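In what follows, every heavy atom counts, from backbone to side chain, and hydrogens, waters and symmetry copies are set aside. Note that the coordinates shown come from a computational prediction; the quantities given were computed from them, not determined experimentally.
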Amino acid sequence: MHKTAHWAQWVIVALFGLYLGAQFINAAGGDSDRDFHYRLFASLPVQENGRVKPLDTVARTRLMLINHKQTAKVEVGRDDWKTVPADKWLLDVMSLTVAANGNPRPAVEYKIFRVENEEVLGLLHLEPRPGSWRYSYAEIGKRTKELTDEALKADEVEPRDRTLFQNKVLELMGHLRMFTELAKLEAPGVIPAEGTNKWASLADAERVGQAHGKMHPLAELFLGMLEDYSNGNVKGFNEGVKTYRAVFEKKMPDVVSAADTEVYVNELAPFYHCSVLYAFVFVLACVSWLGWFDTLNRAAFWSMVLIVAVHTWALLIRIYLQGRPPVTNLYSSAIFIGWGCAVTCLVFEGFYRNSIALAVGSATGGLSLLIAHFLSLDSGDTMEMMQAVLDTNFWLATHVTCVTLGYTATFVAGFMGVTYVLAMASSAAMGLLARWHVGARAFLESPESKIGVRGFFTRFFDTDAASVMGRMLYGIVCFGMFLSFTGTVLGGLWADVSWGRFWGWDPKENGALLIVIWCALILHARWGGLVKQRGIAVLAVLGNIVTAWSWFGTNLLGVGLHAYGFMSGAMTWLIVFDVLMLVIAGIGLLPLRQWAKLTPQTQSVPADPVMGARAESSPAAGVARTIG
Amino acid sequence: MSKSAIKAGKPAAASAPSTAIQKAPAVPPTPPRPARAPRSAVVRVLERVADLRITVTLFALSLFLVFYGTLAQVDKGIWIVVGEYFRSAVVWIPLKIVFFRAAEVPGAIPFPGGWLLGGLLLVNLLAAHIVSFKLSWKRSGILLIHAGIVIMMFGELVTGLFAVESHMSILEGQSSNFLERQDRPELAVVDASDVKQDHVTAISTDRLRKGGLIQDTNLPFDVEVVHYWVNSRLVDTKPGADNLATRGQGLNLAAQERPEGVGVDTEQKVDIASMYATLKRKGTGESLGTYLFTPHLAQPEWVEVDGKWYQVSLRSQRNYKDYTFHLDKLNVEFYPGTQKPKDYSSFIHLTDPAQKEDRDVRIYMNHPLTYAGATFYQIGVHQERGVPATTLQVVRNPGWMMPYLSCLLVACGMLVHFGQNLARFLERRAA
């Protein structure tokens with residue numbers, strides 16, 4: 001209908017593509033020969049917490065845990081801050097003890113330690129620093145004795161009886177330990193030792209070297225690099241890194257290439273960019289209801305395809321690096337749920353072009369990636385090793401994947417329900433406005449108005465769109481039922497194989513069971529004719545509460561009263577989310593008749609039931625007609 | 001318009017899946033189909049019982065039961081909760097739990113327990129199938145699913161009634177021929193004066209927890225329970241501090257009460273009980289001393305009554321077997337540089353003279369051994385006086401097969417049923 005539609009839609013898609021392409025190229029950027037080869041150094045493989053990973057990951061995860069950012073900040077002048085990337089920070093910290101006297105020691109000046117608790121600040125004789133709340137090692141190090149004493153006392157108290165102060169002291173001690181471990185070269189493991197799968201740290205190597213009079217050549221090389229670095233010897237350092245890397249390339253080429261890939265993905269941060277772009281798709285989808293539907297809908301659809309492709313690629317990279325099925329911990333479940341929601345909604349949008357599935361998919365995809373981001377602040381390395389009993393790819397691939405896909409399905413249903421209710425409500429609100437105010441009515445019905453009487457949220461939310469959504473909801477709940485039931489039962493079988501108990505009624509199992517019961521309830525209520533379209537929508541909205549509980553709530557139960565960090569915040573967010581869902585469900589429960597009264601009839605939608613029924617049988621045509 | 005148009009859209013949507021069990025066609029729910037012949041009273045009652053409204057209500061109640069049964073695990077051990085909430089007809093749920101633990105409210109309300117809800121759901125389901133039993137391709141999926149669910153529910157019932165979980169603990173290089181119920185410590189009084197056989201009298205956990213004076217003709221003395229703690233730890237006695245014990249090892253070591261392990265603990269550990277008890281001479285009630293008994297102590301207390309010596313100890317309930325497990329080697333592997341276990345393996349030599357069994361087996365994570373009607377799972381490792389020891393979980397569950405069977409039926413049923421729905425949907429789109 002619009003000549004401009006085609007090229008405009010591709011322009012938008014191209015913008016998305018350009019943004020993503022720029023990120024991919026940017027992340028590949030190498031080192032400059034004039035400066036230290038930070039990137040090359042950061043790609044060296046080391047071992048930490050049982051996993052071989054590049055130094056880059058060590059630096060980023062430690063900074064993430066300590067500072068909640070992947071960078072460090074240092075004050076270079078009065079109120080003049082410089083941001084330092086993780087790799088440089090790591091080099092500064094690791095060369096702290098190697099640095100010859102007189103050389104600058106920037107590592108102790110980085111303001112990375114968060115101290116917000118006033119009691120802890122009092123203990124350390126520090127002034128509150130609102131805004132950043134960050135302190136340097138040099139500042140805190142003056143009072144380590146007092147801090148250690150308090151930590152020892154706190155350690156004797158049972159975890160669930162600890163006060164907030166004690167928790168904060170232990171938290172800070174943990175962060176200091178992460179720092180000093182690196183500074184004293186006690187972590188990570190740097191030298192692959194023969195005969196054992198534990199890599200020796202530089203500190204270990206030095207001890208062994210002193211005992212035997214001869215140091216491991218790799219350790220010597222590494223310490224040489226650190227010395228060159230602290231002396232500002234760019235050439236020496238770069239040569240050292242190259243030689244060191246060459247040793248590994250010869251001995252374990254797979255490890256080196258995996259480490260390179262991991263550094264690339266770290267730098268790229270694909271999940272971050274995906275979450276930003278999902279937000280843009282969401283906006284596009286919403287705007288498409290106001291006007292230029294064809295152009296914006298198609299643009300949003302193909303942009304979404306692009307983002308999902310990147311999301312998928314990043315998931316596959318994680319699978320390759322970890323050698324495991326996609327879901328291994330809470331963080332990866334968030335990423336996977338986001339992916340599942342986006343893919344499911346793309347399929348739905350393929351069936352029904354009405355931007356509804358696009359809006360739902362981009363919202364859920366973006367939100368779960370945001371949650372994943374917050375989870376990574378607490379967990380550090382997101383590819384941690386698994387407990388012995390969980391160490392089986394078969395059950396991870398079947399049970400965990402199934403259950404997580406079940407969450408995905410119920411979340412998609414839930415957010416579809418939210419859209420349904422909000423669209424209905426906005427239609428009713430517009431109707432109300434038009435009914436009470438003649439001027440508003442004239443405006444809303446005028447051809448220039450992109451809003452239309454039918455609703456601000458969606459002009460297309462008529463009977464056809466409603467029944468399309470009803471059908472999508474029903475289908476997705478069926479899928480949810482199937483996946484969560486299968487997943488839960490597989491979990492039971494795994495438990496039976498592992499410790500002889502098919503069902504133990506533990507919180508996590510119960511959470512999964514709740515989803516199954518909830519889906520069964522929705523389906524039986526529908527089969528019994530107890531609920532219709534709107535009823536299912538409302539039930540699906542409430543299902544969000546059940547799923548959120550199963551996914552997150554059960555993890556919060558074990559957390560004590562004085563918990564801190566993201567997980568205690570998560571409890572608050574969970575409650576906020578639940579209340580929000582209850583409110584939306586409440587709106588959905590307003591009597592339909594009242595809504596009907598509020599919504600005046602318009603030309604664009606046929607009033608007679610026959611037309612409605614016909615539209616039901618061919619929804620795509622129905623929507624197309626309304627658009628036209 | 002919305003009203004009439006939306007209504008018009010519904011029959012098509014609702015009738016598609018109405019292959020499900022229903023007492024009557026879905027739309028309209030009432031009145032019943034007029035063309036039918038008058039039905040018997042039995043059928044009418046069954047139809048009432050089979051009402052899907054009842055199903056949905058029962059689902060909703062189950063939902064709350066499971067949720068409250070999870071919340072309750074914040075304060076109580078998992079098995080106590082399972083007994084109270086899921087394997088019971090009625091549960092008194094504390095109001096504190098009812099209000100999501102947000103407020104400390106005294107009191108409790110009755111709520112249908114797991115067995116009652118399960119039973120009602122079963123009746124409801126069977127009635128529905130009796131009322132509208134029809135063997136057809138269209139309904140076969142539903143039939144399979146429900147058959148599977150029924151088997152699963154029975155499986156849980158059988159497990160709840162008959163399954164027994166116990167443990168076998170073996171030190172490296174040593175043997176064991178008995179199973180222990182660690183959750184059920186008993187006070188054992190052993191008379192070892194007979195050279196051929198020990199004579200053991202044991203007081204059960206339930207009796208000990210009740211407290212008070214315990215008298216029995218088989219006991220050489222009366223036992224007065226001073227304190228019984230379900231979970232405890234041992235500390236050194238401080239000189240000058242009050243000590244309940246007047247004799248035995250309790251003079252040097254004191255027990256402290258610890259909170260019972262709760263279901264949501266991240267590390268599930270077995271509670272270790274402790275008790276202080278005064279032993280009294282029969283008839284006269286003269287005190288033979290107040291002792292500390294606990295499985296924490298490796299050695300029994302030796303008590304003399306009328307020149308005869310008895311070994312008294314609080315130990316796990318034991319169940320002796322014909323077979324013997326010898327732990328040749330215990331393999332424990334951690335991820336390098338961490339405390340995360342990578343592998344636990346017990347290399348066991350199994351001997352059973354009655355069955356002429358004499359062989360080596362390896363029991364490790366996810367690879368249990370099934371022998372003599374019980375299944376042995378690698379559950380943990382620990383150190384006992386410096387010697388590594390393995391703990392095997394031993395489960396005897398006559399209903400172990402049922403979940404597998406049920407799972408198979410339901411999976412097939414769902415594939416058939418939802419597959420039919422999907423096919424219909426695609427057909428309609430193609431048309």
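Classification of the F425(B)-F351(A) ring pair by plane angle, with boundaries at 30° and 60°, yields perpendicular. Between F64(B) and Y68(B), the ring planes are tilted. Angles from 30° to 60° get that label.
Under a cut-off of 6.0 angstrom, the local environment of OH in Y404(B) is crowded, with over 12 non-hydrogen atoms contributed by other residues, nucleotides or ligands.
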Side chain to side chain contact (heavy atoms under 4.5 Å, CB included) for M469(A) and M472(A)? Distances and angles first, verdict last.
CA-CA 5 Å; M469(A) 283 184 75; M472(A) 287 200 272; 4.2 Å; yes
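For the options M414(B), Q393(B), Q378(B), heavy-atom pairs under 4.5 Å to chain A are most numerous at M414(B). Annotation: maximal heavy-atom pairing with chain B below 4.5 Å, among W518(A), F479(A), W199(A), W503(A), occurs at W518(A). Heavy-atom pairs under 4.5 Å with chain A were tallied for T375(B), L58(B), L63(B); the largest tally goes to L63(B). Of all the listed residues (L513(A), V546(A), D496(A), L523(A)), the one sharing the greatest number of non-hydrogen pairs under 4.5 Å with chain B is D496(A).
Rounded to the nearest 0.5 angstrom, L415(B) CG and L422(B) CG are separated by 11.0 Å. From L530(A), atom CG reaches atom CD1 of I522(A) across 12.5 Å, with rounding to the nearest 0.5 Å.
Interface remark: L521(A) contributes backbone and side-chain atoms alike to the contact with chain B (heavy atom separation under 4.5 Å). For T55(B), the part lying near chain A is the side chain, with the backbone staying farther off; criterion is any non-hydrogen pair under 4.5 Å. With a 4.5 Å cut-off on non-hydrogen atoms, V497(A) touches chain B through its backbone and its side chain both. Both the backbone and the side chain of A60(B) come within less than 4.5 Å of a heavy atom in chain A. Of the two parts of L121(B), neither the backbone nor the side chain holds a non-hydrogen atom closer than 4.5 Å to a non-hydrogen atom of chain A. Heavy-atom distances place the side chain of R87(B), and not its backbone, under 4.5 Å from chain A. At a 4.5 Å heavy-atom cutoff, M402(B) makes no contact with chain A through either its backbone or its side chain. For I379(B), the part lying near chain A is the side chain, with the backbone staying farther off; criterion is any non-hydrogen pair under 4.5 Å. Proximity to chain B is limited to the side chain of F502(A), based on heavy atoms less than 4.5 angstrom apart. With a 4.5 Å cut-off on non-hydrogen atoms, L65(B) does not touch chain A at all.
In this structure, R53(B) pairs ionically with D51(B), as a charged nitrogen and a carboxylate oxygen lie closer than 4.0 Å.
In this structure, the ring of W549(A) has its center less than 6.0 angstrom from the ring center of F67(B).
Put simply, the side chain of V477(A) does not reach to within 4.5 Å of the side chain of R526(A), judged on heavy atoms.
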